[in-house]
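The chains referred to below are lettered A, B, ... by the order of the sequence lines, with proteins before strands, and numbering in each begins at 1.
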Number of protein chains: 2
Amino acid sequence: MARKANGSADGTRHTTIREVAERAGVSVATVSRILSGSYPAAPATRSKVMRAVEELDYVANHHARALSGTTRKSIAIIVNSVISPHYAHVAQGVQTQAAEDSRLCQIGTTGGDAERELAMVQFMREQHPEAVILVGNVAADDEYRARMSRYAHALAAIGSRLVLCGRPPLGPDVPAVVVEYDNTGGAFAATSHLLSNGHKRILYLGRRPGYTTADARIEGYRDALAAHRVPHDPDLEVDGTFERFEGYRMMKARLAAGAPDFTAVFAGNDQIAAGARQALIEHGLRVPEDVSMVGFDDLPPAADIDLTTVYQPHEELGRTAVRLALEHARQGGPPPHTVLGTHLVLRGSVRPVVTG
Amino acid sequence: MARKANGSADGTRHTTIREVAERAGVSVATVSRILSGSYPAAPATRSKVMRAVEELDYVANHHARALSGTTRKSIAIIVNSVISPHYAHVAQGVQTQAAEDSRLCQIGTTGGDAERELAMVQFMREQHPEAVILVGNVAADDEYRARMSRYAHALAAIGSRLVLCGRPPLGPDVPAVVVEYDNTGGAFAATSHLLSNGHKRILYLGRRPGYTTADARIEGYRDALAAHRVPHDPDLEVDGTFERFEGYRMMKARLAAGAPDFTAVFAGNDQIAAGARQALIEHGLRVPEDVSMVGFDDLPPAADIDLTTVYQPHEELGRTAVRLALEHARQGGPPPHTVLGTHLVLRGSVRPVVTG
DNA sequence: AACTCGCTCGATAACGTTTACGGAAACAAT
DNA sequence: ATTGTTTCCGTAAACGTTATCGAGCGAGTT
């Protein structure tokens with residue numbers, strides 16, 4: 001024998017199907033068949049086996065089962081972090097749909113780092129999931145695109161799907177299911193709402209060149225300005241990530257630099273809006289009396305600060321990602337590309353600008 | 001041959017170590033050794049192998065590896081839901097620590113249902129994780145205790161650890177690492193703070209008999225009342241779960257029933273506080289001018305609504321859970337039981353009661 | 001009575017790794 | 001030149017499960 005049976009270093013061992021078989025006085029094949037329910041067994045044998053399973057508290061070894069080729073029931077999801085409400089809700093959607101389709105769900109986090117994301121995809125690939133769902137928002141340079149594209153092909157070769165969730169396709173020939181939001185349309189609506197209320201100096205918080213979501217939103221912002229023939233002032237676009245403390249930091253810095261040269265704020269997401277709002281309040285400015293504000297997401301902080309914002313169906317995004325991947329696995333064809341709609345939710349954070 | 005090689009139903013196949021070996025002109029053992037770095041190989045062979053790996057874009061099959069007995073690098077975490085900020089932060093802590101110890105992390109959700117939690121533990125058990133971390137807050141009846149206790153023993157038998165995170169031990173003889181908060185102490189401090197400000201009629205939002213966290217907090221609430229010799233009125237304890245909309249519902253119902261008979265609110269957590277606050281505002285009552293309020297958690301909503309609350313180190317809870325499990329796996333001995341401290345964070349939601 | 005089914009169930013070959021064991025070179029020492 | 005010592009690498013046996021094949025055995029058909 002090459003090494004101790006069923007062994008790990010600490011000398012512990014799992015109950016195996018063989019022990020169940022011995023105890024029940026049948027063969028391993030019979031136990032396997034009965035447990036998988038794939039075959040008609042005699043009622044007497046069946047109850048003998050079930051009793052042995054109970055007594056030994058047996059659970060099948062998932063790895064052996066997977067190796068043997070049958071089970072293919074896992075879905076991997078990779079997000080920036082689970083403490084971001086947006087990712088949490090998308091992950092929740094993935095979980096829910098995966099559970100409904102009785103799949104196990106594996107979550108990995110990247111912290112928004114492209115390198116770690118690539119490594120995580122490789123890591124997930126080892127487990128042969130049915131789908132790898134990428135939810136993060138990373139800076140995609142050419143190197144990244146090339147490697148991720150290679151991984152997408154490798155995934156496709158083993159019958160697994162790469163799903164790009166909330167981000168645009170990698171390229172025309174990269175096999176990936178894509179499901180994203182109408183970020184540009186939402187940002188266009190949000191900015192237009194402020195413009196219709198007479199605001200012309202609108203601060204954009206959360207510019208982040210290279211990050212697709214941020215890029216798409218700022219594009220909507222610029223488009224709306226152009227459509228309303230309001231001059232675009234690059235100085236009104238402030239760089240920052242999509243977190244609460246970043247919103248606070250950006251607004252603090254802006255206010256420290258001099259008197260506010262804007263009447264409204266469009267924040268890249270609700271988190272930023274919440275942080276910026278806190279900075280405004282600490283500076284003695286009120287929302288919406290002194291400064292109007294619109295956010296993006298419509299997640300929990302929005303209701304608490306009475307924020308007008310753009311709603312996106314976060315959980316639905318996750319559910320759709322799973323559903324499309326599974327459907328595509330069954331039906332084949334070219335990978336689908338779906339865009340989910342967004343819409344403005346009116347609350348009390350916007351007032352018409354006082355003229356004269 | 002029993003069935004098609006390397007097969008799944010759709011006829012796709014993975015690159016195996018054998019193909020790498022053939023391409024490199026060496027044996028599979030050599031490839032395995034080189035990839036695991038467990039053995040000195042000749043530089044020439046090494047580069048041949050690495051090139052073949054590159055060209056074939058080979059990644060090892062995790063299941064085969066696990067079956068073979070070496071890898072033991074996965075940690076399972078089971079939570080109620082990932083969209084609850086508290087669980088999200090704990091999960092984040094688990095993820096971070098697991099990543100630092102280079103473990104894969106698997107998340108499962110239960111929706112707070114005891115039955116689903118038990119099923120999820122069984123499901124995770126199939127994968128032989130190093131530890132199963134239970135973070136949820138479920139109603140523990142005798143049936144539940146008995147089954148979970150059995151699972152704990154089964155887990156221990158295969159060298160895996162059950163970790164109870166944020167909840168009390170199952171029993172003295174159940175092998176489980178326990179790491180929890182000082183919920184009672186925190187609630188005592190929160191209630192005392194309100195009492196010191198002259199409040200005597202304090203509404204408690206979020207009673208939930210049988211749920212350990214809720215029970216521990218309400219115990220602190222009652223203890224504080226007793227310590228300050230303030231009569232305890234059971235009618236001031238309102239039943240409800242720990243979600244935002246529940247806080248809203250509870251407060252709405254209370255206000256609909258008649259004029260407020262309280263001057264302060266102690267909410268089971270910040271989410272409840274945020275919901276209750278919204279209901280108060282819709283009813284024309286201001287916080288803290290008309291009603292003082294204290295929460296529990298110190299998570300994002302707290303800062304936005306300027307809520308005085310009890311801080312607990314959420315991420316640290318998750319990190320500690322992983323760390324203790326891994327340490328115990330190395331060192332053995334009786335499973336540790338740790339209690340993490342909490343403290344009051346003063347913001348602007350509490351005012352002294354106006355007397356006379 | 002011989003034969004053919006149909007129904008259960010047992011023996012066994014895979015699945016893709018890792019690792020103990022042993023063999024074959026290469027090199028140093030006598 | 002022979003032996004002893006390394007160094008490197010190939011053979012093959014596990015790990016625990018599932019699926020194929022075929023054996024045994026009653027019952028039904030000629």
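Here the P atom of nucleotide D:dA19 and the CG atom of A:Leu35 are 12 Å apart, to the nearest Å. Rounded to an integer number of Å, the gap from B:His128 NE2 to D:dC15 C1' is 10 Å. For A:Arg18 and D:dT18, the CZ to P distance is 13 Å, given to the nearest whole Å. As a whole-Å value, the separation of A:Asn61 CG from D:dG16 C1' is 6 Å. Rounded to whole angstrom, the span from the CG atom of A:Leu67 across to the P atom of C:dG16 amounts to 7 Å. Rounded to an integer number of Å, the gap from CD of B:Glu19 to C1' of C:dC15 is 13 Å. The nearest whole Å value for the distance from the CD1 atom in A:Ile17 to the C1' atom in C:dG10 is 13 Å.
Considering only side-chain N and O atoms, B:Ser32 lies under 4.0 angstrom from the phosphate OP1 or OP2 of C:dT18.
For B:Glu117, the side-chain hydrogen bond (donor to acceptor under 3.5 Å, both in side chains) partners two or more places apart in sequence, or in a different chain, are B:Tyr144, B:Arg167. Partners of B:Ala99 according to the side-chain contact (heavy atoms from CB on, under 4.5 Å) rule, which considers only residues two or more places apart in sequence or in another chain, do not exist here. Among residues two or more places apart in sequence or in another chain, the side-chain hydrogen bond (donor to acceptor under 3.5 Å, both in side chains) test is passed with B:Thr338 by none. A search for side-chain contact (heavy atoms from CB on, under 4.5 Å) contacts involving B:Ser47 returns nothing, not counting sequence neighbours. Taking the side-chain hydrogen bond (donor to acceptor under 3.5 Å, both in side chains) definition, one finds that B:Glu22 meets it with nothing, sequence neighbours left out. Scored by the side-chain contact (heavy atoms from CB on, under 4.5 Å) test, A:His337 finds A:Pro169, A:Val178, A:Glu180, A:Val339 as partners (sequence neighbours excluded). Residues satisfying the side-chain contact (heavy atoms from CB on, under 4.5 Å) criterion with B:Ser84, sequence neighbours excluded, are B:Ser81, B:His86, B:Tyr87.
Proximity note for A:Val28 (side chain, C-beta onward) versus C:dG16, C:dT12, C:dT17: the nearest is C:dT12. With D:dT17, C:dA11, C:dG16 as the candidates, the nucleotide lying closest to the side chain of B:Ser68 is C:dG16.
For DNA chain C, the neighbouring residues in residues 52-60 of chain B, judged by any heavy atom under 4.0 Å, are B:Tyr58, B:Ala60.
One end of the helix from C:dA1-D:dT30 to C:dT30-D:dA1 points its axis 60° away from the other end's axis, with each axis taken from 5 pairs and the angle rounded to 10°.
Between A:Arg147 and A:Asp141, none of the side-chain N atoms (NZ, or NE/NH1/NH2) sits under 4.0 Å from a carboxylate O, so this pair counts as no salt bridge.
Residues B:Ser74 and B:Arg103 approach most closely at N-CG, 4.0 Å, considering heavy atoms.
Among residues at least two apart or in separate chains, salt bridge (Lys or Arg N to Asp or Glu O under 4.0 Å) pairs with a member in residues 47-56 of chain A are A:Arg23-A:Glu55.
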Show each protein N/O and nucleotides 6-9 of chain D N/O combination with a separation under 3.5 Å, one pair to a line.
from  : atom 1 : to      : atom 2 : distance (Å)
D:dC9 : OP1    : B:Thr45 : OG1    : 2.2
D:dC9 : OP2    : B:Ala42 : N      : 3.2

Kindly list each side-chain donor-acceptor pair under 3.5 angstrom involving residues 322-335 of chain A, sequence neighbours excluded, with atom names and distances?
from     : atom 1 : to       : atom 2 : distance (Å)
A:His328 : ND1    : A:Arg161 : NE     : 3.1
A:His328 : NE2    : A:Gly333 : O      : 2.7

